Amino acid sequence: MKKRRPEEARNRINRLSEALFGEPEEIDEKEAGQTLSEAGFDTDALNDRVYKRLYAEAQQYWKAQKDLPPLLKSALEQLRPLSAPPRNESELVHQAKAGVERIVEKAKLLASALLLDTPLTFAESFRNKKQPLTDADRKSLDTVQEQLKEKIERLKGHDGKSK
Amino acid sequence: MSEQGNYPDFKGLTKRLTAYGLVVFAEFSLGGKDAVIPGTGLSIEDFVEKTLMEYAIGRIKHHKSRGSLMTVLGTAMRNDIIDALRKKSHEREESRAAISSNEDIESKEDVKPALDDYPQSLFPDPSSVLDEDEYCERVRESVDDEPALKEVVEAVLDLQLYKPEEIADALGTSADDIQNRKKRLRRRLCTGELINIPRKKAKSL
């Protein structure tokens with residue numbers, strides 16, 4: 001096979017990738033959120049990492065008594081962690097608002113986890129059962145067990161994300 | 001855009017770039033949140049940080065003629081990832097050559113090669129990172145069981161159709177349907193379908 005220069009080879013693979021998996025632009029925030037959550041990423045931790053890196057870069061400018069590039073300044077403002085002490089009243093309000101929103105979000109998650117998708121029905125069919133379980137009984141019990149497992153997994157997932 | 005007016009939304013960019021990083025890593029058989037480029041320790045987050053930092057200080061400039069901001073940043077990050085893989089592969093090639101030329105001395109003195117010189121069976125070998133044939137082969141294998149995705153892969157790899165409209169025409173469907181299938185391909189990629197297909201070891205070891 002013809003030997004290609006590295007740049008040429010890279011461009012060809014990039015072109016194939018774009019045709020097969022799409023351009024970076026095609027990943028919107030919704031898809032990105034879903035992908036990251038499934039892969040176990042914590043978006044707050046990601047923002048914190050980027051903030052720290054940008055903050056370290058900003059220090060070079062401060063040390064040299066130079067103005068920050070506008071994009072860097074804006075990025076630092078946007079990514080500033082909620083745990084950082086507020087520097088003015090508007091930041092205090094913003095942090096308080098974000099804090100309350102998080103609590104409400106968690107409460108909603110908890111409520112949705114406690115409420116079943118299907119209406120509750122009281123099943124007493126197994127209470128006084130004397131005969132051995134039939135296949136149908138086992139199937140019903142397995143279904144209930146699976147539903148409970150899924151609910152627990154969902155709760156664990158939400159809990160992990162919110163940390 | 002962010003709440004701050006004309007500046008981009010950095011939180012959104014961080015999220016989207018990280019998701020794109022997952023796709024790129026998976027394309028080269030590096031899967032999951034904790035994946036790093038073998039021998040460098042560089043993770044997806046490292047590349048995202050670097051790209052955003054370079055953009056924030058003006059090293060990467062965005063001109064509308066080059067596409068959307070996300071495309072410009074995503075492409076820069078992708079090239080960084082490929083370069084890191086390629087650079088590592090050169091180091092490996094050089095160290096392999098050095099090892100083989102010193103084979104006799106090593107066998108006499110019983111010198112153990114450095115940790116990085118051992119074959120890293122758990123990781124892909126980056127030496128074939130730009131091997132187009134291997135890349136295509138792995139993509140094909142990953143969709144073997146899904147006809148709708150296989151059709152798209154064949155249209156791109158065999159018919160060399162790159163635009164969604166061209167692929168749609170060839171398959172008798174709509175461009176939207178092709179976009180949806182590409183989304184499914186990305187999803188498959190991120191859930192490990194391509195990651196689990198090992199690279200050819202014979203070539204690398």
Side-chain angles (χ1 to χ4, degrees), chain A residues 1 4-54 56-58 60-61 68-79 94, chain B residues 2-4 7-12 14-20 22-24 27 32-33 45 48-50 52-53 55-58 67-68 70-71 73-75 77-79 82-83 86 130-133 135-136 139 152-153 156-157 161-164 167 179 182-183 185-187 189-191:
Chain A
M1 201 185 120
R4 292 196 171 89
R5 285 185 300 119
E7 278 66 33
E8 199 187 340
R10 187 180 74 183
N11 290 343
R12 278 187 63 85
I13 285 190
N14 283 355
R15 193 169 185 208
L16 290 176
S17 164
E18 206 176 283
L20 291 165
F21 306 111
E23 283 187 50
E25 173 62 31
E26 288 172 38
I27 301 177
D28 59 23
E29 262 199 74
K30 191 181 162 199
E31 186 185 334
Q34 199 178 359
T35 305
L36 295 184
S37 145
E38 281 170 6
F41 278 95
D42 175 347
T43 45
D44 287 335
L46 281 173
N47 290 334
D48 288 352
R49 271 192 70 158
V50 175
Y51 176 81
K52 277 183 192 153
R53 176 79 184 257
L54 295 178
E57 193 62 31
Q60 310 292 323
Y61 287 85
L68 291 185
L71 275 170
L72 179 57
K73 195 175 170 187
S74 170
L76 286 171
E77 292 287 339
Q78 290 180 43
L79 296 167
H94 175 70
Chain B
S2 72
E3 289 169 359
Q4 298 192 336
Y7 294 109
D9 170 9
F10 277 89
K11 281 187 183 172
T14 303
K15 210 192 257 187
R16 291 171 75 194
L17 277 175
T18 311
Y20 183 61
L22 261 175
V23 172
V24 180
E27 276 182 73
K33 176 176 165 274
E45 291 103 313
V48 172
E49 280 173 28
K50 180 178 177 279
L52 286 173
M53 191 271 288
Y55 170 61
I57 62 170
S68 70
M70 181 59 200
T71 292
L73 297 182
T75 306
M77 186 176 79
R78 181 186 177 86
N79 288 342
I82 293 178
D83 286 346
R86 213 174 61 192
L130 294 178
D131 186 320
E132 193 180 319
D133 291 341
Y135 180 88
C136 296
V139 174
V152 177
V153 168
V156 174
L157 301 183
L161 302 172
Y162 299 110
K163 291 184 180 162
I167 303 170
Q179 291 297 64
K182 279 164 76 171
K183 200 171 177 177
L185 271 167
R186 276 201 295 278
R187 207 169 164 69
L189 193 62
C190 289
T191 51

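Chain letters run A, B, ... following the sequence lines, proteins first and then strands; every chain starts at 1. Just so it is clear, the structure is predicted and the values come from calculations on it, not from any experiment.
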Side chain, backbone, both or neither: which part of B:L22 has an atom under 4.5 Å from a heavy atom of chain A?
-> side chain
Partner chain A: residue of B:K163, B:K33, B:K183 with the largest heavy-atom pair count (under 4.5 Å) = B:K33
dist A:E31:CD -> B:R186:CZ (nearest 0.5 Å) comes out at 4.0 Å
Can you find a heavy atom in the side chain of A:F41 that is under 4.5 Å from one in the side chain of B:E45?
-> yes
What pair of heavy atoms forms the shortest contact from B:T75 to A:P24, and how long is it?
-> N-CG, 4.1 Å
Flag the pair B:T18 / A:T43 as yes when at least one side-chain heavy-atom distance between them is below 4.5 Å, and no otherwise.
-> no
Under a 4.5 Å heavy-atom cut-off, does chain A meet the side chain of B:K50, its backbone, both or neither?
-> both
If we only count heavy atoms from C-beta on, is the B:L189 to A:L20 side-chain gap below 4.5 Å?
-> no
What is the minimum heavy-atom distance between A:F21 and B:K182, and which atoms define it?
-> C-CE, 4.3 Å
Is any NZ, NE, NH1 or NH2 atom of the basic residue among A:E25 and B:R16 found under 4.0 Å from an Asp or Glu carboxylate oxygen of the other?
-> yes
Is the closest side-chain heavy-atom distance between B:F10 and A:L71 below 4.5 Å?
-> yes
In terms of side-chain geometry, is the basic nitrogen of A:K52 or B:E49 positioned less than 4.0 Å from the acidic oxygen of its partner?
-> no
When rounded to the nearest 0.5 angstrom, what distance separates CD1 in A:I27 from CE in B:M70?
-> 6.0 Å
With chain B, which of A:N14, A:L54, A:L79, A:L72 has the greatest number of heavy-atom pairs at distances under 4.5 Å?
-> A:N14
Contact summary for A:P69 and B:A56, nearest pair of heavy atoms = CB-O, 3.7 Å
Counting only N and O atoms by type, is there a donor-acceptor contact under 3.5 Å from the side chain of A:E23 to the main-chain atoms of B:G74?
-> no
Measure the CG-CZ distance between B:L52 and A:R49 for me, rounded to the nearest 0.5 Å.
-> 12.0 Å
Any chance you could measure B:E27, atom CD, to A:I13, atom CD1, to the nearest 0.5 Å?
-> 8.5 Å
Would you name the heavy atoms of B:Y162 and A:L16 that are closest together and state the gap between them?
-> CE2-CD2, 3.9 Å
So OH of B:Y20 and OG1 of A:T35: to nearest 0.5 Å the spacing works out to 13.5 Å
B:R78 and A:S17: side-chain donor and acceptor closer than 3.5 Å?
-> yes
Checking heavy atoms, do the side chain of B:V23, its backbone, both or neither come under 4.5 Å from chain A?
-> side chain
Heavy-atom distance under 4.5 Å between the side chains of B:Y7 and A:Q78, does that happen here?
-> yes
What's the spacing between B:D9 CG and A:E29 CD if we round to 0.5 Å?
-> 5.5 Å
Contact class of B:D83 relative to chain A, heavy atoms under 4.5 angstrom | side chain
